[in-house]
Amino acid sequence: MASYLEKVNEIREGLSEALKSIGVQAEFDVAEPPNPQFGDISTNAAFQAAKAARRPPQELSRDIASALKLRDPEEVAVAVHPSGFINFTLTPPFYTRLLSELLEKRGFGEIGVGKRRVVIEHTSVNPNKALHVGHARNAVIGDVLYRLMRRLGHDVTVLNYIDDTGVQVADMLLGFFRMGFPLSTDMKFDHYCGDVVYVKVEEEVEKNPELLQERSRILKELEEGGAEYERAKGIIEAVVREQLKSVWQLGIRYDLLNWESHFLHYGYWKNMFETLKEKGLIKYETEGKNKGCWVLKGTKVLVRSDGTAVYTAKDITYAAWKLGILDDMFKYCEFAKQPDSTTLYTTCFDGKAGYRYTPADETYILIDQRQEPLQRLVKEVVEALSPGKSYNVLAYGLVSLSGSTASKLGVNAEGKKYVHMSGRSGVYYNLDDLLLELTKAARRTMDERGSRVKDPDATAKAIAVASIRYALVRQDLEKQIVFDIDESLKLEGDTGPYLQYTYVRARKILERTSEEGVPDAARLASEEERALMLELSKLTYSLLDAYRSFSPSRVAGYARRLAVAFNVFYEKHRVLDEQDANVRLARIALVRAFSYAFEDVLNVLGIPLVEEL
RNA sequence: GGGCCCGUAGCUCAGCCAGGAUAGAGCGUCGGCCUGCGGAGCCGGAGGCCCCGGGUUCAAAUCCCGGCGGGCCCGCCA
């Protein structure tokens, strides 16, 4: 398939041969130049080789260029720049081949990078509350990563882990069965549990030590599977089902739900404990402050002196199961049908669903930065136990609320730039509320602009989803995000709706013509047309780069650049009213090729495609 | 005390991993562009000790060291 990636590889190989033929050895880069005046692809090979050859790079660059033999010389123009760089420019024959292949295959088709067995865990929100915008960042990044991996041809499974034996669950039980909160409510159940019950219980626990004792008793029963666990089950499941409704609206889906209690009750931890002892990864302390505990790396207690396991021990167990270090003993049941028509499975005790878990070659876990140190520990342990496999920890910066947004929620933010969210104290912005506000804002904008789409509510929702997903995925992972609701409601500029609007423009052109288009790049000679074709050619190059650097934000960056290139072309050149038939047909081919590639990228980002706004 | 992340235009962020050729977007601001395929767009102006100081290099926003500022983690909590 014709692509930028193909050409970069071809040039890299050619340069290696060329250097060999003039008797110089050197590492070099083949990269995108900073400025179009330096061509489309560029190399610093002459600079890198200069030292070994003891010759000035300027002189060397001419020799390298003349020794260079490319597979398809007519598709790349080579230029030696006086500075010493060798620059390459893609030519019309290359672009003609690119366009015809895009039209023929309706896009780039498969990307051959080798199929790996990949498992991604994301979302994993405690089952006692609704998702807030911080959780949404986790889920959206995880989902884009999933879509990216799948697009690259990997065999991907998405997991969502539910901590159903933790303090938060115990607190819900306190709320419902000690403090007397009714189980039925008019509110969405996850909101009710998080906004009302949980917050009130936390307040009460602060001043009532009796409840604290009761809480630890409940916790123990949850772990052992006693009566408290039995009555918690239904409540937890109800919350999880509401949480799923929220993420499904964003186009996010999973393959399997994992429950902490199942890992305990199936006896996985027992096996893990034995494995850790056998491999000598943990030691029993007979003196000092950790006397009576099993300790990892001399500092981290995994098993308390009373024999119970700490949270990190459960994390290690889960990670080991993902990678196949522990044999899969689970039974599986169907949990739900998802909006994308796939089935969501769950582990269970009496299942007969035809699901089978296959251990991963590489796993990914999405966590916020605060949990990074512990997950690194988990990584160290499981990678030591399974050579050749990788456990990748993707940590992202916290999402906090801007001072003004916090104030709107009734939080005293007195002149602060931002405020951290906290489930315990009820300071957070819910995903459902955001989606609702954004849908209303989109609808208002549509009305203002006289939109006449068939289903305005569905379109407004699609705009809201695009807006949220793009906003949460466009920053680099490490960056903290300060969430501001007023800022989020804007639909112009560097946003998801900008991408949707660009797509609509292309679709409208194609809708209004019955001509097929002729992929003849010789007729697309303007700066804007060349720039658009160049950007188009970079799709696979960009997706691969995003994968290699674990950076979903790069997909967003590419989508944006591709859209800009199209809009610049669109403003400058007419397609359907072009009188020269050859040019018109070539432009139609270009627009069609663009629409295929753009659909492809928007699908990776999970941005809903709309035909009109 | 130990460790992790961030610091680039008034604001939000790319570029740093793989050093290179005038440091790029969006928002805001100032000024242009629709009898035309959808103006949620496009073009242009103003706006930058790339946090500071050293070092490595022919070449540093980018690599190394030391500071400063902001955020976070370091429990027989979860």
Paired nucleotide for [N] [Watson-Crick or G-U wobble; both distances under 3.5 Å]:
N	result
B/G1	B/C74
B/G26	B/C11
B/U62	none
B/A21	none
B/U57	none
B/G47	none
B/G36	none

Integer angstrom distance from the [atom1] of [N] to that of [M]:
N	M	atom1	value
B/C65	B/G26	C1'	36 Å
B/C16	B/U62	C1'	4 Å
B/A18	B/G54	C1'	25 Å
B/G47	B/C4	P	40 Å
B/C52	B/A9	P	11 Å
B/U8	B/G71	P	15 Å
B/A25	B/G38	C1'	24 Å
B/A46	B/G24	P	13 Å

Looking across every strand, which nucleic acid part, if any, lies under 4.0 Å from [X] by heavy atom: base, sugar-phosphate, or nothing?
X	answer
A/Lys508	base
A/Arg424	nothing
A/Arg561	nothing
A/Val301	sugar-phosphate
A/Gln37	base
A/Asp545	base
A/Leu510	nothing
A/His81	base
A/Ser400	nothing
A/Val167	sugar-phosphate
A/Gly166	sugar-phosphate
A/Tyr498	sugar-phosphate
A/Ile481	nothing
A/Lys289	base

Legend entry - Side-chain H-bond candidate by donor/acceptor type, A/Asn160 with A/Thr123, under 3.5 Å: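 Checked: A/Asn160/A/Thr123 side chains show no N/O donor-acceptor pair below 3.5 Å.
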Do any N or O atoms from the side chain of [X] and from the backbone of [Y] form a donor-acceptor pair under 3.5 angstrom?
X	Y	value
A/Glu612	A/Val610	no
A/Arg443	A/Pro456	no
A/Glu285	A/Gly292	no

Legend entry - Contact boundaries on RNA chain B for chain A, cut-off under 4.0 Å to non-hydrogen atoms: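 Listed 5' to 3', the contact boundaries are B/C4 to B/A78.
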Legend entry - Earlier contact from the 5' end, RNA chain B, for A/Ala442 and A/Gln168: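 So the residue in question is A/Ala442.
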Legend entry - A/Asn567 vs A/Lys479, nearer the 5' end of RNA chain B by closest nucleotide: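 Checking each residue's closest nucleotide, the 5'-ward one belongs to A/Lys479.
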For residues 295-302 of chain A, which side-chain N or O atoms pair as donor and acceptor with protein atoms under 3.5 Å away, sequence neighbours left out?
from	atom 1	to	atom 2	distance (Å)
A/Lys297	NZ	A/Glu380	OE1	3.4
A/Lys297	NZ	A/Glu380	OE2	2.9

Inset, instruction - Run the numbers on A/Phe483 and A/Tyr418 for ring-ring contact (aromatic ring centres under 6.0 Å, His included), then give the verdict. - result: CA-CA 9 Å; A/Phe483 173 81; A/Tyr418 58 89; over 10 Å; no
Legend entry - Glycosidic class, syn or anti, of B/C34 using a 90° window around 0: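 In terms of base orientation relative to the sugar, B/C34 is syn.
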Legend entry - A/Lys314/A/Glu223 ion pair, N-O < 4.0 Å: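 So A/Lys314 pairs with A/Glu223 through a salt bridge.
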Legend entry - Pair A/Lys508 + A/Glu511, salt bridge at N-O below 4.0 Å: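 Salt bridge between A/Lys508 and A/Glu511, a charged N being under 4.0 Å from a carboxylate O: yes.
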Inset, instruction - Decide if the gap between the ring center of A/Phe569 and the ring center of A/Phe594 is smaller than 6.0 angstrom. - result: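 No, too far apart.
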Inset, instruction - Any chance you could lay out the ring-ring contact (aromatic ring centres under 6.0 Å, His included) test for A/Tyr161 and A/Tyr318, step after step, and finish with the verdict? - result: CA-CA 9 Å; A/Tyr161 182 74; A/Tyr318 187 30; 4.4 Å; yes
